[in-house]
Peer 1: 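Supplied in structure tokens, the structure appears directly below.
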Amino acid sequence: MAATDTLSTPRGAIAVKESAALVPGQARRKRSAGAGAKGERLYHWALIDDRCDEYGAWLVLMRRNRTNGELAFFHCYAPEAVPLSRLVAVAGRRWRVEESFQGHAGRCHHPRQAVQES
């Protein structure tokens, strides 16, 4: 989700990045997104928007890098309300999948069978 994407609020549309600036420091939780090459990937996480309807829970999750303050945003869906720790765990799995794909860049992902002519 891009920082410039907008969220609907009672006061009108607001950019996700602007909404993140309104999140008080005490609402951010330090959580690990899993083990990385240099140890636990610890970030500050917060929910900056949530809405529930008959289809489930629609959430916007914010991740803040504890070292440089860089923000990232995730648009999430769950069939029912879930705790922040569960959303963070799922986001952490996504990185492992992306890293796996990057590690195999340029390689054939589908094995081919040799065709023998008779």
Side-chain angles (χ1 to χ4, degrees):
M1 168 169 229
T4 55
D5 287 352
T6 58
L7 300 172
S8 296
T9 71
R11 292 185 165 179
I14 184 172
V16 173
K17 183 177 177 181
E18 293 171 16
S19 180
L22 301 174
V23 175
Q26 66 268 25
R28 299 176 185 155
R29 301 285 180 248
K30 184 168 67 170
R31 298 278 187 268
S32 172
K38 298 177 184 177
E40 290 298 313
R41 294 177 298 175
L42 292 170
Y43 295 94
H44 288 140
W45 298 85
L47 285 174
I48 60 173
D49 185 48
D50 64 341
R51 141 179 89 83
C52 295
D53 59 22
E54 66 270 17
Y55 302 108
W58 307 85
L59 310 132
V60 176
L61 180 64
M62 177 191 78
R63 181 192 76 207
R64 182 179 177 276
N65 187 306
R66 296 179 323 125
T67 306
N68 62 19
E70 181 182 39
L71 297 174
F73 305 95
F74 303 85
H75 196 202
C76 310
Y77 167 76
E80 56 190 36
V82 293
L84 178 66
S85 58
R86 180 79 172 138
L87 294 170
V88 170
V90 171
R93 285 191 205 119
R94 177 181 158 229
W95 289 322
R96 279 190 247 151
V97 170
E98 287 178 359
E99 288 171 355
S100 176
F101 282 134
Q102 289 174 359
H104 297 304
R107 298 182 190 166
C108 179
H109 297 292
H110 303 287
R112 293 184 179 172
Q113 293 180 322
V115 177
Q116 296 180 348
E117 294 186 29
S118 31

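Sequence positions, counted from 1, serve as the residue numbers for this chain.
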Peer 1: Could you list the residues that satisfy side chain to side chain contact (heavy atoms under 4.5 Å, CB included) with Ala15, not counting sequence neighbours?
Peer 2: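 Partners of Ala15 by the side chain to side chain contact (heavy atoms under 4.5 Å, CB included) criterion, ordered by chain and then number, come out as Glu18.
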Peer 1: Is a donor on one side and an acceptor on the other found under 3.5 Å between the side chain of Arg41 and the backbone of Ser32?
Peer 2: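 No.
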Peer 1: Can you measure from CG (Leu84) to CG (Leu61) and round to the nearest 0.5 angstrom?
Peer 2: 6.0 Å
Peer 1: Taking all heavy atoms of Trp45 and all of Ala33, pick out the closest pair and write down the distance.
Peer 2: CZ2-CB, 4.0 Å
Peer 1: Indicate yes or no: at least one non-hydrogen side-chain atom of Phe74 is less than 4.5 angstrom from one of Arg63.
Peer 2: yes
Peer 1: Could you walk me through whether Leu7 and Val60 pass the side chain to side chain contact (heavy atoms under 4.5 Å, CB included) test, one step at a time?
Peer 2: CA-CA 9 Å; Leu7 300 172; Val60 176; 3.7 Å; yes
Peer 1: Do you reckon Leu22 sits in the same ILVMFWY cluster as Ile48, going by side-chain contacts under 4.5 Å, direct or chained?
Peer 2: yes
Peer 1: Which heavy-atom pair separates Val23 from Ala46 by the least distance, and what is that distance?
Peer 2: CG1-CB, 3.9 Å
Peer 1: Please walk me through it: do Asp5 and Phe73 pass side chain to side chain contact (heavy atoms under 4.5 Å, CB included)?
Peer 2: CA-CA 10 Å; Asp5 287 352; Phe73 305 95; over 6 Å; no
Peer 1: Grouping I, L, V, M, F, W and Y whenever their side-chain heavy atoms are under 4.5 Å apart, do Met1 and Trp58 come out in a common cluster?
Peer 2: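 The answer is no; the residues belong to distinct hydrophobic clusters.
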Peer 1: Under 6.0 Å from the OH atom of Tyr55, do we count more than 12 heavy atoms belonging to anything else shown?
Peer 2: no
Peer 1: Mind listing the closest non-hydrogen atom pair of Ala13 and Thr6 along with its distance?
Peer 2: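 The pair with the smallest heavy-atom distance is CB-CB, 4.2 Å.
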Peer 1: Nearest 0.5 Å, what's the CG-OH distance between Leu71 and Tyr43?
Peer 2: 12.0 Å
Peer 1: Roughly how far, to the nearest 0.5 Å, is CZ of Arg66 from CG of Leu42?
Peer 2: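 Taking CG in Leu42 and CZ in Arg66, the distance rounds to 5.0 Å.
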Peer 1: Under the criterion side chain to side chain contact (heavy atoms under 4.5 Å, CB included), I'd like the reasoning laid out for Met62 against Arg28: C-alpha separation, chi angles, the key distance, then a yes or no.
Peer 2: CA-CA 9 Å; Met62 177 191 78; Arg28 299 176 185 155; 3.6 Å; yes
Peer 1: What's the separation between atom CG in Leu47 and atom CG in Leu87, rounded to the nearest 0.5 Å?
Peer 2: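 That separation rounds to 6.0 Å.
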